[in-house]
Engineer: 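Have a look at this one.
Index from 1, following the sequence. Computed from a predicted model, the values in this text were never measured in an experiment.
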Amino acid sequence: MIELEPINSLALTLHHAPGVQALLLGSGISRAAGIPTGWEITIDLIKRLASVQGVMDAPDWASWYRDTYAKEPSYSEILDAVASTPAERRAVIHGYIEPTDDDDIRKPTKAHHAIAKLIASGAIRVVITTNFDRLLENALRDEGVEPTVIASVDGLLGATPLVHSRCTIVKVHGDYMDARIKNTEGELEIYADEFDALLDRVFDEFGLVIAGWSGDWDIALRNAILRCPSRRYPLYWASRGALTRMGEDLINHRMGKTIAVTDADTFFTQLLHKFEAIQSSSKVHPQSVAIAVAEARKISRDERLAPEWADLLAREVGSVSKFVGSEEFTKTVPNKGTMNALIEETLSRTEILRRVILVASRWGNDQAFHSIKSAISSLTFADMQRGGYTYLISMRQLAGSLCFYWGLCGSIAREDYGRVRELLTMKLRTAHERQVPAVRVMPFNTFETVDWKILDGFENHHTPASDFFAAIFDKEASDVVINPDGRSMLWDDAEFMITMEFAYDRLQLVEKSASRFWVPVGRSGWRRDSILLSDRIQTLQEEGDSSLLYKSALIGGSAAAAAPSIEVLKDYLARNIRWF
């Protein structure tokens with residue numbers, strides 16, 4: 001069995017299962033920013049306590065405290081003596097955290113910036129911290145990420161659910177701008193029931209990466225880890241030295257691994273570099289893509305080079321199939337982070353395949369196009385074992401759907417509506433049915449149970465899948481269309497034909513089996529800066545049998561045959577799109 005260094009194992013976990021590890025950060029993270037640790041604050045508070053008694057200097061302030069009070073220095077007890085109310089304690093802590101006018105130190109550290117980059121990449125989504133400062137929030141905003149911050153029960157009640165938030169920071173001791181911060185031993189012994197429930201969920205559903213935290217002082221937080229029975233994801237503890245006895249108890253309870261570090265800045269910077277290196281290694285080199293596209297453009301149009309085209313297509317289809325059937329195709333609990341990572345990985349793995357399909361659909365001969373149909377058919381993975389999470393089973397289809405859309409756009413760019421019809425109506429095998437037209441199962445919105453609002457940055461879009469994949473297509477469509485407006489129109493044309501043919505097919509299903517009528521509506525159903533779907537339908541009706549769609553045997557092959565489905569479609573759109 002190969003033994004990896006814990007930091008390398010952690011980097012691989014962040015890559016292959018993004019979002020499943022939560023961070024637990026303590027005061028050590030902010031030390032390099034000039035914000036003192038709890039012990040350093042304790043010593044400074046002892047100095048203040050001594051000063052009011054006329055003692056201005058001592059060789060060892062901790063020893064002075066022991067000699068004077070016959071007890072060990074206690075941050076909680078001393079702070080309680082110096083400031084008796086929560087508001088006073090907040091004011092004291094404020095002075096340690098908020099920079100003065102001439103203070104250039106108290107800014108996010110290298111560790112904060114590295115963590116922010118990991119969060120921006122989707123590798124981490126949840127942070128538990130005992131820190132009062134806002135250095136991580138500031139670093140995240142530098143990366144364009146606005147975190148959900150929970151620093152009180154009030155904030156918890158109104159917070160975005162973990163699964164829908166790009167980043168959630170749980171400040172278990174509060175925020176330094178809030179008088180309700182927790183400092184004293186009594187305040188740290190127990191959390192509100194609502195906070196305990198949240199911590200129980202996080203520690204049960206996520207792995208844990210601990211840094212800058214000793215585990216000694218925060219009783220309620222330590223107890224939350226100990227009462228969690230789950231070990232489904234690993235625990236890593238980055239420690240500058242040997243863990244304390246209490247720390248050992250925690251890591252043994254979760255069967256965790258210790259990562260020896262010199263400081264937080266070095267640890268998180270190294271972790272970020274390793275994570276980015278793994279990501280880079282899995283991406284296709286741009287030069288390889290360019291060579292493959294140029295090769296496809298040449299060999300797909302020449303019958304004498306049919307074997308070379310078949311080899312290119314088979315190689316890329318085989319590579320994608322191997323990925324979908326491997327352990328690299330995540331099996332972990334689907335959440336926003338893991339799903340976005342899987343989509344990005346699939347996009348990377350299929351880039352060459354979908355782009356050679358695009359150019360071959362545009363310029364390739366009929367034999368090459370027939371091979372494209374076979375390639376798409378093989379990417380349905382109908383014979384693959386169906387056990388597991390429904391989201392993940394559906395996502396096996398993504399590679400085939402990408403190739404379907406890219407092939408459809410290439411055929412439209414060629415103005416070959418016969419090829420468009422062949423793609424939309426070709427029969428595919430699925431796990432449930434033997435012969436299904438591609439238009440029924442290939443559109444992104446037909447993926448079973450998948451809510452495309454999981455896509456980062458597209459949570460509030462009416463058509464998130466359409467908008468997201470259209471942006472990918474726009475970057476690659478220069479292989480067949482130079483004009484940006486032409487690339488955008490090409491995508492909308494493809495989605496319009498999908499909508500119309502799907503409606504025609506769906507109405508027949510409704511009439512046979514009393515199924516619910518619906519259609520996958522693309523972005524042109526909502527975009528006011530392009531040709532609206534309603535305008536496209538009106539133009540089609542005005543053209544009548546002279547339309548190229550009918551001449552190509554699409555939508556029933558005639559205006560009369562298409563009329564019933566168009567009327568039902570218009571009624572559906574009027575009820576579901578507010579300005580149709």
Engineer: Can you check whether Val209 reaches Leu14 side chain to side chain, under 4.5 Å on heavy atoms?
Structural biologist: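 SC-SC contact between Val209 and Leu14 ruled out.
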Engineer: Check whether Thr380 reaches the backbone of Ser377 with its side chain - one donor and one acceptor, N or O, closer than 3.5 Å.
Structural biologist: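 Side chain of Thr380 to backbone of Ser377: a pair is present.
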Engineer: Hey, are Asp133 and Ser30 close enough side-chain-wise for a donor-acceptor pair under 3.5 Å?
Structural biologist: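 Yes.
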Engineer: Indicate the atoms forming the closest heavy-atom contact of Thr130 with Trp213, along with that distance.
Structural biologist: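 That would be CG2-NE1, 3.8 Å.
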Engineer: Taking all atoms of both residues into account, what is the closest heavy-atom pair of Glu143 and Ala120, and its distance?
Structural biologist: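 So the minimum-distance heavy-atom pair works out to CB-CB, 4.1 Å.
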Engineer: With the side chain counted from C-beta on, respond yes when Phe203 and Leu221 share a heavy-atom pair under 4.5 Å apart, and no when they do not.
Structural biologist: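 They are in side-chain contact.
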Engineer: Taking the basic N atoms (NZ, or NE/NH1/NH2) and the acidic carboxylate oxygens, is any pair closer than 4.0 Å for Arg523 and Asp467?
Structural biologist: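 Salt bridge between Arg523 and Asp467, a charged N being under 4.0 Å from a carboxylate O: no.
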Engineer: Count the heavy atoms belonging to other residues, nucleotides or ligands that lie under 6.0 Å from NZ of Lys336, then report whether that count exceeds 12.
Structural biologist: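 Count over threshold, so yes.
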Engineer: Roughly how far, to the nearest 0.5 Å, is the CD1 atom of Ile343 from the OG1 atom of Thr338?
Structural biologist: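 Thr338 OG1 to Ile343 CD1: 9.5 Å, rounded to 0.5 Å.
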Engineer: Walk me through it: do Leu455 and Asn340 pass the test side chain to side chain contact (heavy atoms under 4.5 Å, CB included)?
Structural biologist: CA-CA 6 Å; Leu455 290 165; Asn340 274 277; 4.1 Å; yes
Engineer: Has Thr446 got a side-chain atom pairing as donor or acceptor with Val441's backbone, closer than 3.5 angstrom?
Structural biologist: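 Yes, Thr446 side chain to Val441 backbone: donor-acceptor pair under 3.5 Å.
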Engineer: CG of Leu23 to OG1 of Thr129: how many Å apart, nearest 0.5 Å?
Structural biologist: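 Output value for this atom pair is 9.5 Å.
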Engineer: Taking C-beta and beyond as the side chain, do Trp406 and Ile472 meet within less than 4.5 Å on heavy atoms?
Structural biologist: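 Counting from C-beta outward, Trp406 and Ile472 do come under 4.5 Å.
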Engineer: Run the salt bridge (Lys or Arg N to Asp or Glu O under 4.0 Å) test against Glu295 and tell me which residues pass, sequence neighbours left out.
Structural biologist: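 In terms of salt bridge (Lys or Arg N to Asp or Glu O under 4.0 Å), with neighbours along the sequence ignored, Glu295 is linked to no residue.
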Engineer: Which heavy-atom pair separates Ala111 from Asp265 by the least distance, and what is that distance?
Structural biologist: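 Heavy atoms only, the tightest pair is N-OD1, 2.9 Å.
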Engineer: Going by the rule salt bridge (Lys or Arg N to Asp or Glu O under 4.0 Å), which residues pair with Arg201 if we only count those two or more places apart in sequence or in a different chain?
Structural biologist: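 Glu205.
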Engineer: Can you tell me if NZ on Lys453 sees more than 12 non-hydrogen neighbours from other groups inside 6.0 Å?
Structural biologist: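 Yes, the 6.0 Å shell around NZ holds more than 12 heavy atoms from other groups.
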Engineer: Do you see a donor-acceptor pair shorter than 3.5 Å between the side chains of Thr13 and Tyr233?
Structural biologist: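 Distance-only check fails for Thr13 and Tyr233.
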Engineer: May I have the step-by-step check of side chain to side chain contact (heavy atoms under 4.5 Å, CB included) for Thr109 and Phe268, ending in yes or no?
Structural biologist: CA-CA 10 Å; Thr109 64; Phe268 280 108; over 6 Å; no
Engineer: Under a 3.5 Å distance rule, please check whether Glu459 uses its side chain to pair with a backbone N or O of Gly457 as donor and acceptor.
Structural biologist: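 Yes.
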Engineer: Using only atom types and a distance under 3.5 Å, with no angle test, would you say the side chain of Ser348 pairs donor to acceptor with the backbone of Glu344?
Structural biologist: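 Absent.
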Engineer: Test side chain to side chain contact (heavy atoms under 4.5 Å, CB included) on Glu495 and Thr463 and set out the steps.
Structural biologist: CA-CA 12 Å; Glu495 289 197 315; Thr463 54; over 6 Å; no
Engineer: Would you sort out whether His461 and Ser466 count as a side chain to side chain contact (heavy atoms under 4.5 Å, CB included), showing the intermediate values?
Structural biologist: CA-CA 9 Å; His461 286 225; Ser466 176; over 6 Å; no
Engineer: Can you check whether Gly318's main-chain N or O pairs, donor with acceptor, with Ser321's side chain at less than 3.5 Å?
Structural biologist: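 Absent.
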Engineer: So does Arg240 have more than 12 non-hydrogen atoms from other groups sitting under 6.0 Å from CZ?
Structural biologist: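 No, the 6.0 Å shell around CZ holds no more than 12 heavy atoms from other groups.
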Engineer: Show the nearest heavy-atom pair for residues Ala192 and Val153, with the distance to one decimal.
Structural biologist: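 Smallest heavy-atom distance, with atoms named: CB-CG2, 3.6 Å.
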Engineer: Look at the aromatic rings of Phe195 and Tyr191 and report parallel, tilted or perpendicular, splitting at 30° and 60°.
Structural biologist: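 Tilted: the ring planes of Phe195 and Tyr191 meet at 30° to 60°.
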Engineer: Do you know which of Phe473, Phe458, Trp491 makes ring-ring contact (aromatic ring centres under 6.0 Å, His included) with Phe468?
Structural biologist: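 Going through the options one by one, the only one that passes is Phe458.
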Engineer: Are Phe329 and Leu342 side-chain neighbours, meaning at least one heavy-atom pair lies under 4.5 Å?
Structural biologist: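 Answer yes - side chains close enough.
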Engineer: Please tell me if the side chains of Val480 and Arg487 come closer than 4.5 Å, counting only heavy atoms from C-beta onward.
Structural biologist: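 They are not in side-chain contact.
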Engineer: For a 4.5 angstrom cut-off between non-hydrogen side-chain atoms, does Leu243 reach Leu250?
Structural biologist: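 No; the side chains remain at least 4.5 Å from each other.
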Engineer: Please round to the nearest 0.5 Å and tell me the distance separating atom NE2 of His15 and atom CG of Leu12.
Structural biologist: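 If I round to the nearest 0.5 Å, the distance is 8.0 Å.
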Engineer: Report yes if the side chains of Leu140 and Glu137 come closer than 4.5 Å at any heavy-atom pair, otherwise no.
Structural biologist: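 They are not in contact (no side-chain heavy atoms under 4.5 Å apart), so the answer is no.
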Engineer: Nearest 0.5 Å please: distance from the CD1 atom of Ile210 over to the CG atom of Leu24.
Structural biologist: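 Separation between the atoms: 5.5 Å.
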Engineer: Looking at Lys274 and Glu5, is any side-chain nitrogen of the basic one under 4.0 Å from a carboxylate oxygen of the acidic one?
Structural biologist: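 Salt bridge flag = no for Lys274 with Glu5.
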Engineer: Treating Ser165 as the side-chain partner and Leu162 as the backbone partner, does any N or O pair qualify as donor plus acceptor under 3.5 Å?
Structural biologist: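 Between the backbone of Leu162 and the side chain of Ser165 there is no qualifying donor-acceptor contact (under 3.5 Å).
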Engineer: Find the distance between CZ (Arg354) and SG (Cys409) and round it off to the nearest 0.5 Å.
Structural biologist: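 SG of Cys409 is found 12.0 Å from CZ of Arg354.
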Engineer: I'd like to know if Lys117 and Glu276 make a salt bridge, using a cut-off of under 4.0 Å between side-chain N and carboxylate O.
Structural biologist: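 Salt bridge: no.
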Engineer: Calculate, to the nearest 0.5 Å, the distance between atoms CZ and CD1 belonging to Arg134 and Ile169 respectively.
Structural biologist: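 With rounding to 0.5 Å, CZ (Arg134) is 11.0 Å from CD1 (Ile169).
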Engineer: How close do Ile29 and Ala264 get, counting heavy atoms only, and between which atoms?
Structural biologist: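 So the minimum-distance heavy-atom pair works out to CD1-CB, 3.6 Å.
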Engineer: Write down the atom of Ala438, the atom of Pro443, and the distance for their closest heavy-atom approach.
Structural biologist: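 For Ala438 versus Pro443, the nearest heavy atoms are O-CD, 3.8 Å.
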Engineer: Using modelled atom types and a 3.5 Å cut-off, is there a donor and acceptor pairing between side-chain atoms of Lys171 and backbone atoms of Phe132?
Structural biologist: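 Side chain of Lys171 to backbone of Phe132: a pair is present.
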Engineer: Would you say Leu398 and Phe469 make side-chain contact, with heavy atoms under 4.5 Å?
Structural biologist: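 In short, these two side chains touch, coming nearer than 4.5 Å.
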